[in-house]
Amino acid sequence: QVELVESGGELVQAGGSLRLSCAASGLTFSSYAMGWFRQAPGKEREFVARISRNSKTYYADSVKGRFTISRDSAKNTVYLQMNSLKPEDTAVYYCAADLGGIATTASGYEYWGQGTQVTVSS
């Protein structure tokens, strides 16, 4: 049974930092590209960052230069380091796993976590 469990979300002031973690189990972690998405109230889920099986990274323009995605295969965990946080970063953050390694949209990811809430106060 595949399980993705996010953690690390909390309330933080604008300009602050957070590190989100996503622990994966029940899958061969090294075979999957991993992504982070977010969904704010009343908005559609949007892409944040992605890391390929060989650790190539991709970012949404809105977070480029502020967020860093990384993975630790020894711990089956993917991270999202978020710096210089803004109120508009407030959302539920989800991690997802893509076996094919070529997903460009949320629908291409096979597995999803339950999400962790990030709230950035102004």
Side-chain angles (χ1 to χ4, degrees):
Q1 179 181 352
V2 175
E3 191 172 24
L4 303 178
V5 180
E6 302 96 335
S7 61
E10 63 181 69
L11 172 64
V12 63
Q13 287 190 334
S17 298
L18 282 177
R19 188 176 81 156
L20 305 184
S21 300
C22 171
S25 60
L27 52 73
T28 303
F29 185 71
S30 60
S31 297
Y32 286 77
M34 300 297 294
W36 285 97
F37 290 78
R38 66 187 181 186
Q39 188 166 19
K43 295 188 177 181
E44 293 187 354
R45 191 169 297 190
E46 66 173 0
F47 168 76
V48 175
R50 170 183 173 86
I51 187 164
S52 70
R53 288 172 286 194
N54 61 359
S55 295
K56 188 170 183 180
T57 58
Y58 308 84
Y59 297 94
D61 288 343
S62 59
V63 307
K64 203 171 293 183
R66 300 188 298 123
F67 291 10
T68 302
I69 188 171
S70 61
R71 63 190 298 159
D72 184 338
S73 293
K75 296 182 178 179
N76 283 7
T77 299
V78 61
Y79 303 98
L80 186 68
Q81 177 67 42
M82 306 187 295
N83 298 328
S84 301
L85 283 161
K86 304 175 181 180
E88 51 263 45
D89 294 319
T90 295
V92 177
Y93 283 71
Y94 300 89
C95 75
D98 165 32
L99 178 61
I102 59 172
T104 58
T105 63
S107 62
Y109 287 77
E110 287 86 0
Y111 302 108
W112 290 82
Q114 82 291 345
T116 186
Q117 176 70 48
V118 172
T119 303
V120 184
S121 64
S122 57

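All values derive from a computational prediction rather than experimental measurement.
- You'll find the side chain of Gln117 stays beyond 4.5 Å of the side chain of Leu11, heavy atoms only.
- Interatomic distance, CG of Leu27 versus CG of Leu4, reported as 6.5 Å (0.5 Å rounding).
- Hydrophobic clustering, with ILVMFWY side chains joined whenever heavy atoms are under 4.5 angstrom apart, keeps Val92 apart from Tyr79.
- For Lys43, the NZ atom sits in a loose shell: 12 or fewer heavy atoms of surrounding residues, nucleotides or ligands are nearer than 6.0 Å.
- Contact annotation: the side chain of Tyr59 approaches that of Thr68 to within less than 4.5 Å [non-hydrogen atoms, C-beta and beyond].
- Side-chain contact between Glu110 and Val2 is absent, with no heavy atoms from C-beta onward closer than 4.5 Å.
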Could you please spell out the steps behind the side chain to side chain contact (heavy atoms under 4.5 Å, CB included) verdict for Met82 and Leu20? CA-CA 8 Å; Met82 306 187 295; Leu20 305 184; 3.7 Å; yes
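- In this structure the side chain of Arg50 reaches within 4.5 angstrom of the side chain of Asp98, judged on heavy atoms.
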Taking it one step at a time, do Asp89 and Arg66 satisfy side chain to side chain contact (heavy atoms under 4.5 Å, CB included)? CA-CA 11 Å; Asp89 294 319; Arg66 300 188 298 123; 2.7 Å; yes
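- Taking the ring centroids of Tyr109 and Phe37, they lie under the 6.0 Å cut-off.
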Under the side chain to side chain contact (heavy atoms under 4.5 Å, CB included) criterion, do Trp36 and Phe67 qualify, and how do the steps go? CA-CA 11 Å; Trp36 285 97; Phe67 291 10; over 6 Å; no
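- Side-chain contact between Tyr93 and Glu6 is absent, with no heavy atoms from C-beta onward closer than 4.5 Å.
- Side-chain contact between Leu99 and Ser31 is present, with heavy atoms from C-beta onward closer than 4.5 Å.
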